[in-house]
*Asks:* 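Below are the structure tokens for one structure; questions will follow.
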Amino acid sequence: MDEISPPRPKDFIRQIVADDLASNKHQGRVVTRFPPEPNGYLHIGHAKSICLNFGVANENGGVCHLRFDDTNPTKEEVEYVESIKSDVRWLGFDWGDHLFYASDYFDQLYAYAVMLIKSGKAYVCSLPPEKIREYRGTLKEPGKDSPYRERSVDENLDLFERMKAGEFENGAHVLRAKIDMASPNITMRDPVIYRILKKSHHRTGDKWCIYPMYDFTHCLSDSIEGVTHSLCTLEFQDNRALYDWVLENLPVKCQPRQYEFARLNLTNTIMSKRLLLKLVQDGLVDGWDDPRMPTLSGLRRRGYTPKAIRNFCERIGLAKKNSEVDIALLEHCIRVDLNERAHRVMAVLRPLKVIIDNYPEDRTEDLVFQNHPEDTAMGTRMVPFSRELYIEQDDFRMDPPKKFFRLAPGREVRLRYAYYITCVNVEKDEKTGEILAIHCTYDPETKGGSSPDGRKVKGTIHWVSAAHALEAKVRLYDHLMNKPDKDAKEEVGFADLLNKNSLEVLDVCRVEPSLKDADPGTKVQFERLGYFNVDPIDSSPGKPVFNRIVSLRDTWAKIEKAQKSK
RNA sequence: UGGGGGAUCGUAUAGGGGUAAUACGACGGGUUCUGGCCCCGUUAACCGAGGUUCGAAUCCUCGUCCCCCAGCCA
């Protein structure tokens, strides 16, 4: 019998959904929604919400709607709508026919607002913005009633109608719910539900000059769509009272329930739309899809796969506690995915010339390489070998430290899938002492990488044939932000946190010739180095540019670091 | 301190009265034609004080600390 691993314990949201299903609370339906505002690009934090909402629906035979919360035309653009749709699709989710826009409901929303006025539960307030703020009170002190609070239903109806007709300027009047100016929950102190915004909307054009506020729109949109579980982040906990109030005071068909979970925070990462925008605007990154950005478009360009991101979102868990996930987990997830799927190839990032003295000058051999050492189904390929090669500068030391298993004067190592070579001489610039080339001899008996006499070599290094290698540009990415020092005496600002070394461009790397025509978006493992993506934008035919997605775990680097700190 | 929330290994999550578990990380070892992958092991936590109970991370009481709310943003 197969071992069945125990199912991962359900998070609190999934427990609620399961309980509701068990008690038949929503007649067996599960309807969720992912409700982005089209005012920016999606990032890894949104991925958490997307995976949750679509995940919960998919797991329970339900549906998840994609609904744009487009109630503020001053901030929203079609460009964002399109990028959001393609990012959600890329992540691997399908909303089917369930694509909605809050703006589709503007007529209904207006009608609902009129109902509220008629039942005496909403009024037009003509206080200017700063007075509204003043009347709202503070955290400790209750607010006081607006002088316009007791306007007659007829006057309210007339004014609201005229607001809609465009008779007033921005800010002249607003429609407010009449709830309780003394409520300890500030959200309930007669919240504004409609405001005048003389701005054309990316979907409704100039039809409207009044637009509903989030609190009024969201719950009603959920209700109109028959959403059962409305999942949002923690900062909306106070808003839930208003969400429920609106639905309870209007003749709606169904009452969805709102549940809140903690948003994702990641170490070494900023997630705020404002700061992300600042990075772009200040030219600190290359754009929204800079491979260092936590945006889905940035991660995609970096080379992260949807599968890895989904897996990550599954593993971070879900709770109501504010937390910060270690970015090492994200990196772990992409390594797991690519370890399984990426072809292994040879690339030398910082080339050091090696000359095999006893290898014929005019000879070239094609050697057999595994595309994936653990998956023979991925096949083999031929890689040329010749007298002059490049190896990694890091793989040679004049004076090897302890535990250094690579090449050094007199040492023998294996060239992966090729021959054993022994370093016999080092060519240096007489003036600067710079190493120009390494002279080695090879053992013809070790072709393919193993010796008939069974002798062992400690190290295996990667290489490319100098004459055959392709010159390529490679970008090494590191975390965009440094981790804040918890022991720091003073609060450090955004600028101090920026990692100045988040990008290193290597212009003259040498990669094996098979990479010449790699398609944009191809993900490979440069053996012993890391996983790399063929940049979809800067690569051109025959001239791939590689983005490092993530390095391989590097045990030697740790050993060396430990040695140096002694 | 008006209201709403939250506190479990370094980090993120399980555990809903009965042996505090899993993953990432860190550390050590095995294996190895990648110092990768894989395998094994070690490390390490219930915010505090009372109470209820044979037994409390879990239930109760009182504290402490952290987060959110005073947009005509979402």
*Asks:* Taking OP1 and OP2 of C37(B), is either one under 4.0 Å from a side-chain nitrogen or oxygen of R344(A)?
*Replies:* no
*Asks:* Give me the distance, rounded to whole Å, that separates G15(B) from G51(B) when you measure between the C1' atoms they each carry.
*Replies:* 23 Å
*Asks:* Can K523(A) be said to sit on top of Y531(A)'s aromatic six-ring, NZ or CZ under 6.0 Å from centre and within 45° of the ring axis?
*Replies:* no
*Asks:* Distance check needed: U34(B) P versus L552(A) CG, whole Å only.
*Replies:* 12 Å
*Asks:* Under 3.5 Å, is there a donor-acceptor pair between the T187(A) and D238(A) side chains?
*Replies:* no
*Asks:* On a whole-Å scale, what distance lies between the C1' atoms belonging to A7(B) and G63(B)?
*Replies:* 14 Å
*Asks:* Between R553(A) and C37(B), is there a contact of a side-chain N or O with OP1 or OP2 at under 4.0 Å?
*Replies:* yes
*Asks:* Does S183(A) have a side-chain nitrogen or oxygen under 4.0 Å from the phosphate oxygens OP1 or OP2 of G2(B)?
*Replies:* no
*Asks:* I want to verify the glycosidic state of G16(B); is it syn or anti under the 90° rule?
*Replies:* syn
*Asks:* Phosphate oxygens OP1/OP2 of G4(B): is one of them under 4.0 Å from a side-chain N or O of K320(A)?
*Replies:* no
*Asks:* Given G36(B), is OP1 or OP2 found less than 4.0 Å from the side-chain N or O atoms of T555(A)?
*Replies:* yes
*Asks:* If you take atom types as modelled and just measure distance, does the side chain of R406(A) reach the base of G35(B) with a donor-acceptor pair under 3.5 Å?
*Replies:* yes
*Asks:* For R14(A), look at atom CZ and say whether over 12 heavy atoms of other residues, nucleotides or ligands are found less than 6.0 Å away.
*Replies:* yes
*Asks:* If I pick the C1' atom on A20(B) and the same atom on G55(B), what distance separates them, to the nearest angstrom?
*Replies:* 15 Å
*Asks:* What integer distance in Å separates E527(A):CD from G36(B):P?
*Replies:* 13 Å
*Asks:* Specify the glycosidic conformation (syn or anti) of G15(B), with syn defined as within 90° of 0.
*Replies:* anti
*Asks:* Using the C1' atom as the point on both nucleotides, what is the distance between A21(B) and U58(B), in whole Å?
*Replies:* 15 Å
*Asks:* Strictly below 4.0 Å: does K321(A) bring a side-chain N or O up to OP1 or OP2 of U13(B)?
*Replies:* yes
*Asks:* Write down the partner of C46(B) under the Watson-Crick or G-U wobble criteria, each distance required to be under 3.5 Å.
*Replies:* none
*Asks:* Would you tell me if any nitrogen or oxygen in the side chain of Q15(A) comes within less than 4.0 Å of OP1 or OP2 on G15(B)?
*Replies:* yes
*Asks:* Give me the distance, rounded to whole Å, that separates C46(B) from C59(B) when you measure between the C1' atoms they each carry.
*Replies:* 16 Å
*Asks:* Please state how far atom NE2 in H372(A) lies from atom C1' in C38(B), giving the value in whole angstrom units.
*Replies:* 12 Å
*Asks:* Whole-Å distance between G25(B) C1' and R335(A) CZ?
*Replies:* 11 Å
*Asks:* Taking atom NZ as the centre, does K278(A) end up with more than 12 heavy-atom neighbours from other residues, nucleotides or ligands that are less than 6.0 angstrom away?
*Replies:* no
*Asks:* Determine whether more than 12 heavy atoms belonging to other residues, nucleotides or ligands lie under 6.0 Å from atom CD of E169(A).
*Replies:* no
*Asks:* Is the NZ or CZ atom of R151(A) both under 6.0 Å from the centre of the six-membered ring of Y123(A) and within 45° of that ring's axis?
*Replies:* no
*Asks:* With ring-ring contact (aromatic ring centres under 6.0 Å, His included) as the test, would you mind laying out the steps for W463(A) and F385(A) before giving the verdict?
*Replies:* CA-CA 9 Å; W463(A) 56 273; F385(A) 180 89; 5.3 Å; yes
*Asks:* Looking at F106(A) versus Y211(A), is the centre-to-centre ring distance below 6.0 Å?
*Replies:* yes
*Asks:* Assign a letter to each nucleotide of nucleotides 63-74 of chain B from its 5' end: B, base within under 4.0 Å of a protein heavy atom; S, sugar-phosphate only; -, no contact.
*Replies:* ----SSBBSBSB
*Asks:* Taking atom types as they are modelled, is there a donor-acceptor pair under 3.5 Å from the base of G25(B) to the side chain of E331(A)?
*Replies:* no
*Asks:* When rounded to the nearest Å, what value does the distance between P atoms of A23(B) and A56(B) take?
*Replies:* 29 Å
*Asks:* When the C1' atoms of C60(B) and U52(B) are compared, how many Å lie between them, rounded to an integer?
*Replies:* 7 Å
*Asks:* Regarding E340(A), tell me which of base, sugar-phosphate or nothing describes its non-hydrogen contacts under 4.0 Å with the strands shown.
*Replies:* nothing
*Asks:* Below the 4.0 Å mark, does C24(B) have OP1 or OP2 next to a side-chain nitrogen or oxygen of H332(A)?
*Replies:* yes
*Asks:* For a quick check of understanding: with a heavy-atom distance under 4.0 Å over all strands, which category does P373(A) fall into, base, sugar-phosphate or nothing?
*Replies:* base
*Asks:* Taking the C1' atom of each, how far is U22(B) from U32(B), in whole Å?
*Replies:* 28 Å
*Asks:* Look at R350(A) together with E392(A) and state whether they make a salt bridge at an N to O cut-off of under 4.0 Å.
*Replies:* no
